[in-house]
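The structure appears below as structure tokens.
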Amino acid sequence: MIDINLIRENPQLVKDNIKKKFQDYKLPLVDEVIELDKKKREIQSEGDRLRAQRNTLAKQIGVLMREGKKDEAEEAKLTSKNNNDRIAQIEVETAELEEKIKKNMMAIPNIIADDVPLGKDDSCNVEGKKYLEHAEKPFEVPYHLDILESLGGIDLDSARRTSGNGFYYLTGDIARLHSAVLSYARDFMIDKGFTYCIPPYMIRSDVVSGVMSFEEMDGMMYKIEGEDLYLIGTSEHSMIGRFMGNILPETSLPQTLTSYSPCFRKEKGAHGIEERGIYRIHQFEKQEMIVLCKPEESDYWYEKLWNYTVELFVSMQIPVRQLICCSGDLADLKYKSCDIEAWSPRQKKYFEVGSCSNLTDAQARRLGIRYKASSGKNEFVHTLNNTVVAPPRMLIAFLENHLQPDGSVNIPPVLRPYMGGKDKIVPKK
RNA sequence: GCAGAGAUGGCGGAGUGGUCGAACGCGCACGACUCGAAAUCGUGUUACGGGCAACUGUACGGGGGUUCGAAUCCCUCUCUCUGCGCCA
């Protein structure tokens with residue numbers, strides 16, 4: 001959500017930004033907001049005047065009653081009562097206007113960064129730097145599910161019976177590897193100075209509607225029956241929700257947090273759970289990083305964050321690249337975003353393992369997360385989030401890249417302490 | 001889960017129908033004193049919105065109601081504390 005003052009003062013900038021994102025159908029929203037806002041302010045002035053009158057009258061009535069002037073007091077009461085009808089009417093109208101304005105404002109995208117490449121959709125995303133050369137494998141790399149099965153590390157059949165499609169049992173060394181990756185990633189971020197946090201895995205509807213749109217909510221979130229609770233789709237939801245409505249002291253910024261949680265997603269819509277395996281599932285685990293900082297520092301943190309993910313993957317000897325998200329593929333709340341993609345030796349291409357975003361003040365405005373600036377004014381913070389690692393998906397990259405001709409999978413040195421010293425996982429006979 | 005008490009500014013805490021956006025204290029900012037500091041004294045200090053401005057509106061956990069008028073009364077939800085019960 002952008003600042004309504006920006007629309008009042010510079011509607012052209014807002015419109016140009018919408019065009020840059022190829023959302024021309026949203027252009028009328030800007031003028032609509034301007035008009036609704038004008039109307040709202042007019043009506044609000046009238047309401048304020050009437051309320052001021054009511055306040056004055058109320059005070060007078062108090063005085064009259066004390067002086068025992070009953071008749072005059074009754075007369076004033078009547079005047080006030082008549083005013084109240086109009087005030088009530090104005091209140092309803094104002095609420096309606098505000099709701100319409102808010103609805104439009106939610107749909108108007110955040111102003112994107114100057115250096116975001118322009119493009120209609122994900123086909124226009126721009127490749128950034130690559131890290132680690134991917135060596136050609138001298139053998140055919142099987143589908144990740146086949147690798148997992150040969151290592152005795154997965155049971156999808158049982159999961160389908162207990163929970164349906166989109167769930168899995170990980171077993172033995174693979175399950176241990178999954179935990180090892182998370183533990184290693186957690187310690188990696190702690191070493192970078194981040195504060196480790198385990199958040200609630202369920203949140204209330206007011207938090208949910210603060211962090212996403214209704215459509216997103218419908219497509220992603222699982223609701224707990226009979227309770228005002230939803231399973232989180234990512235720990236970002238509860239991590240950011242934690243600061244809702246807060247005014248933070250300037251000295252507490254930046255907040256650099258790394259959180260662990262399981263993530264629950266319906267995955268309704270575009271893709272669904274059509275992919276065989278563990279690429280897209282209803283439940284997975286993720287280590288996340290979150291930063292709340294002063295506006296002038298968010299560009300700095302953005303670069304820092306995605307580079308941490310790169311560093312982490314490189315330390316596990318998995319080739320990755322940065323993919324810069326183009327204007328048309330950028331979600332409305334985002335100022336800038338990029339994916340970190342890992343190399344798949346089987347598909348001979350990169351695939352997404354994480355996503356880093358700078359939302360500037362758009363999310364903070366929506367959730368009322370501010371800080372007391374040294375100027376004395378309360379300003380909105382900037383929020384950023386990035387995947388440290390989401391093991392089930394990263395395991396695909398891991399297995400494919402570390403697979404040996406004999407079917408075993410090497411464990412890179414950084415993970416061995418978390419695997420009881422093991423340096424490889426070998427196939428089950 | 002049951003019963004009772006409670007939720008007020010950055011914090012503590014008064015206020016139980018009108019003159020309360022809110023005493024007092026802490027904290028913070030500025031100033032005085034000082035070579036400098038501590039202590040002390042003085043001044044200022046809730047947030048959000050409308051208006052060029054004077055000024056004005058709203059908000060006392062959330063929502064609703066009673067009233068000319070609500071921090072104050074009623075309903076409801078959430079949370080906290082105390083006691084009892086239950087339980088990893």
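Residue numbers start from 1 in every chain, and the chains themselves are labelled A, B, ... in the order their sequence lines are given, proteins ahead of strands. None of these values were measured; they are calculated from a predicted model.
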**Message:** If I pick the C1' atom on B:A59 and the same atom on B:A7, what distance separates them, to the nearest angstrom?
**Reply:** 16 Å
**Prompt:** A:Y371 has an atom OH; how far is it from atom C1' of B:A47, in whole Å?
**Reply:** 17 Å
**Request:** Check the surroundings of atom CG in A:D71: do more than 12 heavy atoms from other residues, nucleotides or ligands lie under 6.0 Å from it?
**Result:** no
**Request:** Would you indicate whether A:K20, at its atom NZ, is surrounded by more than 12 heavy atoms from other residues, nucleotides or ligands within a distance under 6.0 Å?
**Result:** yes
**Item:** Pairwise P distance, B:C24 and B:U43 [rounded to whole Å]
**Value:** 11 Å
**Asked** Considering only the C1' atoms, how many Å lie between B:G6 and B:G15, rounded to the nearest integer?
**Response** 15 Å
**Prompt:** Do any side-chain nitrogens or oxygens of A:N84 fall under 4.0 Å of OP1 or OP2 in B:C68?
**Reply:** no
**Asked** Do any side-chain nitrogens or oxygens of A:N378 fall under 4.0 Å of OP1 or OP2 in B:U46?
**Response** no
**Message:** Strictly by Watson-Crick or wobble contacts shorter than 3.5 Å, is anything paired with B:C60, and which nucleotide is it?
**Reply:** none
**Request:** Can you tell me the pairing partner of B:A32 across any strand shown, Watson-Crick or G-U wobble, with both distances under 3.5 angstrom?
**Result:** B:U40
**Asked** Taking atom types as modelled and ignoring hydrogens, do the side chains of A:Q363 and A:T383 form a donor-acceptor contact shorter than 3.5 angstrom?
**Response** yes
**Request:** Measure the acute angle between the ring planes of A:F167 and A:H282, then classify it against the limits of 30° and 60° as parallel, tilted or perpendicular.
**Result:** tilted
**Message:** Under 4.0 Å, counting only non-hydrogen atoms across every strand here, what does A:D206 touch: a base, just sugar-phosphate, or nothing?
**Reply:** nothing
**Watson-Crick or G-U wobble mate for B:A71, both contacts under 3.5 Å** = none
Tabulated below should be each protein N or O lying under 3.5 Å from an N or O of nucleotides 49-51 of chain B; please produce it.
from  : atom 1 : to    : atom 2 : distance (Å)
B:G49 : O2'    : A:Q44 : NE2    : 3.2
B:G49 : N2     : A:D48 : OD2    : 2.8
B:G50 : OP1    : A:R8  : NH1    : 2.8
B:G50 : OP1    : A:R8  : NH2    : 3.0
B:G50 : O2'    : A:S45 : OG     : 3.4
B:G51 : OP1    : A:R41 : NH1    : 2.8

**Asked** Nearest-Å distance, CG (A:N83) to P (B:G69)?
**Response** 11 Å
**Request:** Pick the C1' atom in B:G63 and in B:C79, then give their distance to the nearest Å.
**Result:** 15 Å
**Message:** By nearest heavy atom, map A:R370 and A:R49 onto RNA chain B; which one lands nearer the 5' end?
**Reply:** A:R370
**Prompt:** Paired with B:A3: which nucleotide, if any, by Watson-Crick or G-U wobble criteria at under 3.5 Å for both distances?
**Reply:** B:U82
**Request:** Whole angstrom is fine here: how far is it from CE in A:M244 over to P in B:G62?
**Result:** 13 Å
**Request:** Please report, rounded to the nearest Å, how far the P atom of B:C68 is from the CZ atom of A:R51.
**Result:** 18 Å
**Prompt:** So A:I318 and A:H402, side chain to side chain contact (heavy atoms under 4.5 Å, CB included) or not? Walk me through it.
**Reply:** CA-CA 8 Å; A:I318 297 171; A:H402 293 313; 4.0 Å; yes
**Prompt:** With a distance cut-off below 6.0 Å to the six-membered ring centre and an angular limit of 45° from the axis, does A:K19 pair with A:F22 as a cation-pi contact?
**Reply:** no
**Prompt:** Are any of the side-chain heavy atoms of A:V353 and A:E341 separated by less than 4.5 Å?
**Reply:** no
**Request:** Using side chain to side chain donor-acceptor pair (under 3.5 Å) as the criterion, point out the one residue from A:H178, A:K424, A:K422, A:K428 that pairs with A:D173.
**Result:** A:K422
**Request:** Spell out, as yes or no, whether a donor-acceptor pair under 3.5 Å connects the side chain of A:S163 to the backbone of A:R160.
**Result:** no
**Prompt:** Can you find a pair of side-chain heavy atoms, one from A:L305 and one from A:M289, that are under 4.5 Å apart?
**Reply:** yes
**Any A:K59 side-chain N or O less than 4.0 Å from OP1/OP2 of B:C68** = no
**Asked** With a cut-off of 6.0 Å (strictly less than), are more than 12 heavy atoms of other residues, nucleotides or ligands near CD of A:Q89?
**Response** yes
For nucleotides 77-80 of chain B, print each protein N/O atom paired with a nucleotide N/O atom at under 3.5 Å, atom names and distance only.
from  : atom 1 : to     : atom 2 : distance (Å)
B:U78 : O3'    : A:R204 : NH2    : 2.6
B:C79 : OP1    : A:R204 : NH2    : 3.0

**Item:** Side-chain donor-acceptor contact under 3.5 Å, A:S158 with A:D155
**Value:** yes
**Asked** Given that both distances must come in under 3.5 Å, which nucleotide forms a Watson-Crick or G-U wobble pair with B:G9?
**Response** none
**Message:** Between P on B:U56 and CG on A:L57, what's the gap in Å once rounded to a whole number?
**Reply:** 15 Å
**Interatomic distance at P, B:C28 relative to B:G10, whole Å** = 16 Å
**Message:** If I pick the P atom on B:U46 and the same atom on B:A29, what distance separates them, to the nearest angstrom?
**Reply:** 16 Å
**Prompt:** With sugar-phosphate meaning primed atoms plus P, OP1 and OP2, does A:A52 contact a base, only sugar-phosphate, or nothing at under 4.0 Å between heavy atoms?
**Reply:** sugar-phosphate
**Message:** Work out how far the C1' atom of B:G13 is from that of B:A71, and round it to whole angstrom.
**Reply:** 14 Å
**Request:** Return the value, rounded to whole Å, for the distance between atom NZ of A:K77 and atom P of B:U66.
**Result:** 15 Å
**Complete:** Rounded to whole Å, CD of A:Q53 lies from C1' of B:G69 at a distance of 15 Å
**Message:** Going by purine N1 to pyrimidine N3 plus the second Watson-Crick contact, or the G-U wobble pair, all under 3.5 Å, which nucleotide sits opposite B:G27?
**Reply:** B:U45
**Prompt:** If you measure from the P atom in B:G44 to the same atom in B:G51, how many Å do you get, rounded?
**Reply:** 29 Å
**Request:** Figure out the CG/P separation between A:N55 and B:C55, and round it to whole Å.
**Result:** 17 Å
